[in-house]
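Note that the structure is predicted; figures quoted are calculated from it, not measured.
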Amino acid sequence: MKPFLKPRKLFSKLGYPPRPSSRSRVLQRLFGYLAAYPAQLTLIVLLVVVGTIANLVVAYLLGVGINNLSAPSPDLTGLLQTVTWMGIAGVVSWGLLLIEGLLLANISQKATFQLRRDLFEHIQTLSLNFFDRQPIGELMSRVTSDTELISQFFQTGLNQLFVNTARLVFTAIAMVLLDWRLAIAALTIGPLMLAFIGLLGRVSGPAFDQLQQELGELNGLMEETISGEKTVIAYRRQDAAVASFEEISLASREASVKAQFIALISRPVTLVLTNLDVALVALVGGLLVLQGATNVGVVATFLQYTRQLALPLTQLSNLFNALLAALSGAERVFQILDEQPAIVDAIDAAPMPMIQGRVEFRQVDFSYVQGRQILKHNTFAAQPGEKIGLCGPTGAGKSTIINLITRYYDIDAGEILIDGHNITTMQKDSLRQQIGIVLQEAFLFSDTVMNNLRYARLEATAADCIDAAKQANAHDFIERLPQGYDTMLTERGSNLSQGQRQLLTIARMMVQNPRMVILDEATSNVDTRTEQKIQEALDRLMQGRTSFVIAHRLSTIRNANRILVLKAGEIIETGSHDALMQRQGFYYDLYMSQFKGRVAAVV
Amino acid sequence: MLQNLRRFITIYRGYERPFWISQSLLAIATLFTLLIPLMTQSLLDDGILQEDQAATIQSVLWMVLFAVLSAVFTIWNGWYAVRFSEHTAHAVRMRLYKKFQTFEFGNLDRFSASDLQVRMSSDITVIKTAVQLVVLYLAQAPVMFVGALILIYLNSPELMWILLIAIPAILVVLWIYIGKVQPLFEVRQRQLDGVNDVMQENLAGIRVVKAFVRGDYENQRFDRANQALRQASLHPMNYAMILQPSLVLIINLCTAIVLWFGGVALTEGVLTIGSIVAFTQYLGSILMPLVILAWVAPQFTAAEASAERLFEVIDTMPAIADAPQIGAIVPPATKGRIVFDNVSFHYPVADSKNSRPVLRNINLTIEPGQTVAFLGATGSGKSTLVNLIPRFYDPTAGRITLDGQDLQALPLATLRQEVCIALQEAVLFSGTVRDNLAYGQPDATEDELVAAAAAADADGFVRAIPEGYDAMVKRRGANFSGGQRQRLSIGRAIAVQPSVLILDDSTSALDMATEARVQAALKAMMATTTTLFVAQRISTVIAADQIFLLDQGEIVAQGTHDDLLQTSAFYQEIYQSQLGGVPA
């Protein structure tokens, strides 16, 4: 059996996001979230500095003590004093760094909180074209995993970064102050480390890119087969699925071994460099003491300092990877934050007054993607209270028209007027609040039935909601649910049928009490019996309100005041059902074809 | 403790040898590290203080040698650690995926797709990291402790008691930390899930949010979850912030104590300066593995939780399986006669109150070559009924036979070859259009595929794409419309050329003209095939040889369209609502 997918090829075709263009810009912006707390940040820096110096004093005093002891007649009273000061310095350092850590924890959590909030609130402002561009699932996993990467860095990495940087800097300063010759020996490690990290970065960059790519393919295939597993079962293609999965899993394993190993080398190499440095210090120090140019105590202090460099250096080199991960996460988050909403209110936009329901399209052109025109010169008018049916083949532009009435997208040319107001001059929220929409896909939140109904109008009372449910013919089945209106709806909606879910979305719209109604294939996923109930409810709702109804089943729109027949983005026929039937045009064909079987059966 | 995690390591077959090798390498690396302070001691005592230049240089050279050897062995161990953990991850992933591929519909109903996806990616990563940490660090701490104790016992036994205080002190601090912090991390994880739930639900329902202009409300909802997460994150973080300075404090205080008691011992002539300095270096050395321990401990609890979730999948048994003696039975040549004999079914639900029957006492006979339609309200059980025929579920009572043979006595592979279903949800896979059509019949010829596509009214739009049958289908068929996906999915089923073809509401997104064309083509092409339709539209079922009308899990009427128009009030009602008032 040949494998049914060639995902390796496919994914490389689709391409991957570009490499970070400028890491430092992202870094700056990320730290901007901390800089919102300047007082705490200053205090933190101060505490780190003093706490680190106090810690260095301990090692310095050790040298003093050693010097004392290496004298021909050691002075025990002096030694006791030195030891006491060591203890004091140790406790002071502990206290200061502890306070610093707690402060930093506090502000870094605030920063993460703010970043998450910014991201979420920004996403709420984005227009539908943003969500059209990428599968929602992909966006979800990106948003959740990227924010967590940043959060992890803030949580564990940031303090390490502060403390270890301070330790490195002040150890170096202390060394220079103590003995510049030994300091030169000890600090040779600096350039060596830098060179090494640079080298590693050059090798690890491509290795990690490769890994990212393999992981992308792995997750892509996984997502595809998991969500389509019922089809895999129905066609008995489990073995083929396992075979192609194994291929990709192996490839990702090999890429991962390579990348992880490169990342791992940094730790032992840092250690060996430190140890070599200790040896160098010992050698230079030993020779200097032998020449009488310095004393044993200084050498002991230096050995301690050099050794203490190992910890911050390893931790910093470990941090480097976490930082890179956080930065690439941050870059993607900032990309979303930089996304401009396509639909924005004009500065002088006025709130939409109570809609009477006159809707007018004048020569409207529209395309989702530039160059691929969807609607061409659409012109029509709906009078208040009219029911307008929209029909035509798939892709003719029916759903597009209603997406434009609610201003989910802006048009390329022409005008859309509601009650004589050009909708681009009105506040979009005040417009949308007055329009009720029921989509084919009945989306409900995992919350109680009552809260789902109230979603449409937060100030609605329980009585309002129950009333709406009765209007929508939903009350009876809600009452039969285990906890009635307090029943929790599950995310996958397994406790309700498709039709019941749709009834709830209609009840929800009844709570909203909109001035205009839009139904986009609202009943096409619903069986006939439920549809009758829904239709009844909808007729009640549409009473006196301008409504737009899209339906495959032409019987649904037969009683519309006017039917717009669309084909390839153009309104090719318009009129009442009877008028259109008499005309014997496209609509007539469409309508008759639905009953071919029936005519045959009767004959 | 960590039983689930340990169970995982055994999945990576042949794990023992590389594991012991890696730990030996790590032990050797650690020993070399331990020898370095010893050389410091000889540098001070034999070299500098004796003013012996040769001894000074010699000690330094030893130091260099030990440092390099330690690094070599550490890197060597690192290579093992990475390979070991990656191989384990791959093995676990394959184990999981293979298990997943044995799943039946009943199993899939229990795990949601996103849940499985998380288990197969994030949970495996968590385990991989934990396994890597084990291999990287396991042997280090004990070797370091024991080694340091031995070396100190040999060199400066007078000061050994300080280590005997310092090590337990550090262990106690770590013990408290790990004990306190673990549950806090779990709380944080729950709050993180909460934040992600809000985010995901918001994105999934973004159209509804926008339609009702509920951005502010959503922001508030998110803020609550986000606040809770902030609090929950702060608690474990605070403990972590206390830990590190406290460990340093213990080391610093010990250094001071060593200096004092070492100094006193030195004046008494029992100790040398070199041994005091070496001792302080050992204090630093044992701190390292302990800091690492504090850092990895939380990852183990996380890994244990992940392991448990993975085993939940691995330990799941397929809901449907061939009977053990199945190989012995030679299935009869299938013609496509289906009989339901008093069949009842209910989905298994944990809450038994909810498990009301979906199908009740179904009796029906479908003759070979017939076209049969199932009509009924949502939830009436029609989709469940046809799902019993390829044995996606087994009936809870009664039996179903195909050409006289009980379904459960047929090998699953044979049964599903003969019974092909176009599912309600038309899922396409990434690949070409041709790959998708040939999905159920990989060795189908080009002509067969084109004929199948034509019968499903898909040939026309496929040819309209510049690449035709070589056009790429994106994941889940995202670049095709709902109607096109349905037609390709029907074409895919036709290409299998089954004895029994089931279309489970798979023409719902087609307009009626297209649907009529598909039905006519099917009839012409598959005259000998038993064809079953599940439908909600009368127009879909009008021409069927038999129509079964279902209501609440029972067959309430059956017959042809004309029969039913005469006999069934229910059917008339549906007919009127859908087609009433058509000019005759």
Side-chain angles (χ1 to χ4, degrees), chain A residues 1 5 10 58 65 69 79 83 86-87 90 94 97-98 101 105 109 113 116 120-121 124 136 140 144 224 226-228 231 234-236 238 245 249 253 256-257 260-261 264 268 272 275 279 282-283 286 289 300 394 429 432-433 437 443 497-499 527-529 532 593-597 601, chain B residues 43 47-48 56 60 63-64 67 71 74-75 78 82 86 90 93 97 101 113 116 196 200 203 205 208 211-213 215 219 222 226 230 233-234 237 241 245 249 252 256 259-260 263 266-267 277 377-379 416 421 427 430-431 440 442 475 481 483 512-513 516 536 542-543 561 574 577 582:
Chain A
M1 240 190 263
L5 295 167
L10 176 76
V58 177
L69 290 176
L79 186 68
V83 168
M86 276 172 89
W94 172 75
L97 290 178
L98 195 106
Q109 284 308 323
F113 171 81
R116 281 204 165 94
F120 188 86
E121 292 189 351
Q124 303 310 307
I136 294 284
M140 276 181 201
T144 50
E224 178 167 42
I226 289 176
S227 57
T231 307
Y235 290 89
R236 299 164 293 112
Q238 290 96 332
F245 187 78
S249 177
R253 181 185 83 185
S256 197
V257 166
Q260 298 289 347
F261 181 63
L264 215 75
V272 75
N275 281 331
L283 182 66
V289 173
T394 312
D429 284 359
R432 290 177 190 166
Q433 264 158 354
I437 307 176
F443 183 87
S497 77
Q498 191 67 33
D527 61 273
T528 321
R529 272 220 154 161
Q532 267 178 304
S593 74
Q594 296 199 351
F595 303 110
K596 251 188 201 153
Chain B
L43 169 87
I48 297 176
T56 305
V60 169
M63 254 187 229
V64 171
T74 307
I75 291 176
V82 167
E86 294 298 337
H90 169 72
R93 204 154 51 212
Y97 195 77
Q101 289 298 345
L116 278 170
N196 288 343
Q200 304 209 345
L203 288 175
V208 176
F212 289 108
V213 195
N219 285 339
F222 184 75
N226 199 6
R230 186 169 76 88
S233 304
L234 198 53
M237 198 176 165
M241 289 304 183
L249 177 69
N252 277 338
L259 183 61
W260 171 248
L266 184 120
T267 52
V277 173
T378 304
R416 290 183 184 165
I421 183 164
V427 174
S430 52
R475 250 188 271 165
S481 75
M512 300 205 189
Q536 294 177 357
I542 268 176
H561 171 72
I574 298 173
S577 87
V582 179

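- Interface summary for chain A: among B:Ala71, B:Ala256, B:Gly440, the most heavy-atom pairs under 4.5 angstrom belong to B:Ala256.
- The CZ atom of B:Phe222 lies 6.5 Å from the CZ atom of A:Arg116; values are rounded to the nearest 0.5 Å.
- Within the 3.5 Å criterion, the main-chain N or O of B:Ser430 finds a donor-acceptor partner in the side chain of A:Glu224.
- Comparing B:Gly215, B:Ala211, B:Gly47 by heavy-atom pairs within less than 4.5 Å of chain A, the highest count is held by B:Ala211.
- Considering CZ of A:Phe120 and CG of B:Leu203, their distance stands at 7.5 Å, rounded to 0.5 Å.
- Looking at B:Thr267, only its side chain comes within 4.5 Å of chain A, counting heavy atoms on both sides.
- The line from CZ of A:Arg253 to CD of B:Glu86 is 9.0 Å long, rounded to the nearest 0.5 Å.
- Side-chain atoms of B:Arg416 do not come within 3.5 Å of backbone N or O of A:Arg236 as any donor-acceptor pair.
- Only the side chain of B:Leu266 comes within less than 4.5 Å of a heavy atom in chain A; its backbone stays farther off.
- Options B:Asn219, B:Thr56, B:Val60, B:Thr74 differ in how many heavy-atom pairs under 4.5 Å they form with chain A, and the most are formed by B:Asn219.
- In terms of heavy-atom pairs under 4.5 Å with chain A, the best-connected choice from B:Ile48, B:Leu259, B:Val427, B:Val277 is B:Leu259.
- Residue B:Ile75 touches chain A through both its backbone and its side chain, counting heavy-atom pairs closer than 4.5 Å.
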